[in-house]
Q: 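The structure follows.
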Amino acid sequence: MTAALVPGSFDPPTNGHLDVIERCTGIFDEVIVAVIKNPSKDPLFDEAERIAMLTELCSEWDTVRIGSFGGLLVDYAKQTGADVIVKGLRAMTDFDYEFQMSQMNRHLSGIVTLFVATKPEYGYLSSSLVKEVSRLGGAVDALVPASVAAAMKERYA
Ligand code: PNS
């Protein structure tokens, strides 16, 4: 039984996140999506809202469960029994920071990080950009699920 931990801010979840999670369901017996409780940036959606969104969006996959964590990711990995951390990689700009984090997590606990290359059409997609576009009245329907687009529209209204 191999379990993958997919951590993130998920503020909000995008189609890029769901693509990575879906790919993990085809590889791992269990997928634990881990929402960081207090992201460094002031979140648009609080922890409960981000968990609720992901719970609804991942309901079609019965091997996926949603959790949240507040301290070190490696401690949460130990607590949940996750075998590997999985992160999505969009472009070389992601690589430097992601590589540093993977090395630090390996140093702290020995856990391995696997990188999943995102779909090319989501290569430019980030939660921050999606929020900016939505805040300024642009269309985000092709970038996030309909429920997320509606939640952002309501929040920025
Ligand atoms: O979606 P994000 O913002 O790219 O996710 C970043 C996240 C939550 C995965 C990262 O900030 C994280 O793992 N934070 C936990 C704190 C931690 O363990 N830091 C030390 C290891 S680098």
Side-chain angles (χ1 to χ4, degrees), residues 2-25 27-28 30-58 61 64-135 140 142-145 147-149 151-152 155-156:
T2 313
L5 188 61
V6 183
S9 304
F10 302 109
D11 183 45
T14 66
N15 289 347
H17 291 129
L18 294 175
D19 175 44
V20 171
I21 295 167
E22 180 173 25
R23 236 117 32 104
C24 285
T25 64
I27 302 169
F28 300 98
E30 190 187 1
V31 182
I32 304 154
V33 177
V35 176
I36 190 165
K37 288 180 192 222
N38 294 307
S40 46
K41 317 137 234 177
D42 195 22
L44 179 62
F45 296 104
D46 67 23
E47 179 196 350
E49 290 171 321
R50 286 176 282 135
I51 290 174
M53 283 180 193
L54 282 163
T55 303
E56 184 231 312
L57 297 170
C58 296
W61 302 302
V64 176
R65 66 185 169 94
I66 317 298
S68 66
F69 71 105
L72 284 174
L73 180 62
V74 292
D75 290 340
Y76 189 66
K78 212 169 288 175
Q79 195 187 313
T80 54
D83 300 285
V84 294
I85 294 168
V86 175
K87 300 294 298 279
L89 262 194
R90 286 168 298 195
M92 288 311 287
T93 43
D94 274 345
F95 184 78
D96 196 36
Y97 184 52
E98 291 295 343
F99 192 70
Q100 277 182 35
M101 283 201 291
S102 73
Q103 299 286 47
M104 180 57 80
N105 287 330
R106 184 175 177 153
H107 164 77
L108 291 171
S109 77
I111 196 161
V112 166
T113 299
L114 298 177
F115 295 109
V116 172
T118 54
K119 269 188 185 170
E121 59 262 47
Y122 300 143
Y124 60 93
L125 184 52
S126 72
S127 296
S128 311
L129 273 185
V130 160
K131 279 186 283 191
E132 183 170 325
V133 171
S134 176
R135 183 169 56 83
V140 293
L143 311 175
V144 294
S147 58
V148 173
M152 279 193 295
R155 190 62 41 109
Y156 286 128

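Atoms within each ligand, like the ligands themselves, are counted from 1 in listed order.
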Q: Test of understanding: with side-chain hydrogen bond (donor to acceptor under 3.5 Å, both in side chains), list the residues that count as partners of Thr14, not counting sequence neighbours.
A: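 By the side-chain hydrogen bond (donor to acceptor under 3.5 Å, both in side chains) rule, Thr14 matches His17.
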
Q: Present, as a list of atom pairs with distances to 0.1 Å, all nitrogen or oxygen contacts under 3.5 Å between ligand 1 and the protein.
A:
unit_1: ligand 1; atom_1: 1 (O); unit_2: Ser9; atom_2: N; d: 2.9
unit_1: ligand 1; atom_1: 3 (O); unit_2: Ser9; atom_2: OG; d: 2.6
unit_1: ligand 1; atom_1: 18 (O); unit_2: Leu73; atom_2: N; d: 2.9

Q: Do Ile85 and Pro7 have side-chain heavy atoms sitting under 4.5 Å apart?
A: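 Yes. Closest side-chain heavy atoms under 4.5 Å.
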
Q: Do Lys119 and Glu22 meet the salt-bridge criterion of a basic N to acidic O distance under 4.0 Å?
A: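 No, Glu22 and Lys119 are not salt-bridged.
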
Q: Looking at Arg155, I want to see if its CZ is surrounded by more than 12 non-hydrogen atoms of other residues, nucleotides or ligands under 6.0 Å.
A: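 Enclosed.
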
Q: Met101 and side-chain contact (heavy atoms from CB on, under 4.5 Å): which partner among Gln103, Met104, Glu98?
A: Glu98

Q: Which label fits Tyr76 and Phe69: parallel for a plane angle under 30°, tilted from 30 to 60°, or perpendicular past 60°?
A: parallel

